[in-house]
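All of these numbers come straight from a predicted model, not from anything done at the bench.
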Amino acid sequence: MVTPYEEDFKKSIVDMVKAGRRPDELATEYGPSADSIRNWVKKYAPVDVNGELVSANELKKLRKELAILKEENEILKRAAVLLAKH
């Protein structure tokens with residue numbers, strides 16, 4: 001069974017890993033698996049994007065939003081071509 005954890009809880013665990021605690025000891029103390037904790041560390045690790053640090057999670061959201069905007073732009077271009085013909 002998957003236990004949902006609050007984002008604040010995940011971030012506090014990640015902060016503890018960054019401070020030097022091991023994922024396996026945090027897993028024993030707080031409950032989530034060591035693998036989950038390692039995944040959270042990756043998820044919240046900062047990524048340099050054009051000189052700005054964003055989390056991997058934020059980067060994923062931005063890429064998804066960009067894909068949606070590109071698709072909407074293509075639809076609008078097709079609509080403009082159709083309207084220009086009339």
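For residues 75-86, the set of pairs meeting the salt bridge (Lys or Arg N to Asp or Glu O under 4.0 Å) definition, not counting sequence neighbours, comprises Glu74-Lys77. Counting only residues at least two apart or on different chains, the ring-ring contact (aromatic ring centres under 6.0 Å, His included) pairs with a member in residues 11-40 are Tyr5-Trp40. Sorted by first and then second residue, the ring-ring contact (aromatic ring centres under 6.0 Å, His included) pairs involving residues 60-81 (not counting sequence neighbours) form an empty list. Each salt bridge (Lys or Arg N to Asp or Glu O under 4.0 Å) pair with one or both residues in residues 26-44, not counting sequence neighbours, appears once here: Glu7-Lys43, Arg21-Glu29, Asp35-Arg38. Applying the side-chain hydrogen bond (donor to acceptor under 3.5 Å, both in side chains) test to every pair with at least one member in residues 50-62, sequence neighbours left out, gives these pairs: Ser55-Glu58.
Contact record, Leu26 with Ile13: CD1-O, 3.9 Å, taken as the closest heavy-atom pair. When all heavy atoms are compared, the tightest approach of Ala34 to Ala27 is N-CB, 3.6 Å.
Residues forming a side-chain hydrogen bond (donor to acceptor under 3.5 Å, both in side chains) with Asp24 (at least two apart in sequence, or on another chain): Arg22. With sequence neighbours left out, Leu53 forms a side chain to side chain contact (heavy atoms under 4.5 Å, CB included) with Pro46, Asp48. Take Leu69 and apply the side chain to side chain contact (heavy atoms under 4.5 Å, CB included) test, not counting sequence neighbours, and it matches Glu65, Glu72.
Note that NZ of Lys70 and CD1 of Ile75 are 14.5 Å apart. Values are rounded to the nearest 0.5 Å. Taking NZ from Lys10 and CD1 from Ile37, the interatomic distance works out to 11.5 Å, rounded to the nearest 0.5 Å. The structure places CD1 of Ile68 at 13.5 Å from CG of Asn73, a figure rounded to the nearest 0.5 Å.
Cluster partners of Val47 are Val49, Val54, Leu59, counting Ile, Leu, Val, Met, Phe, Trp and Tyr whose side-chain heavy atoms approach within less than 4.5 Å, directly or via other members.
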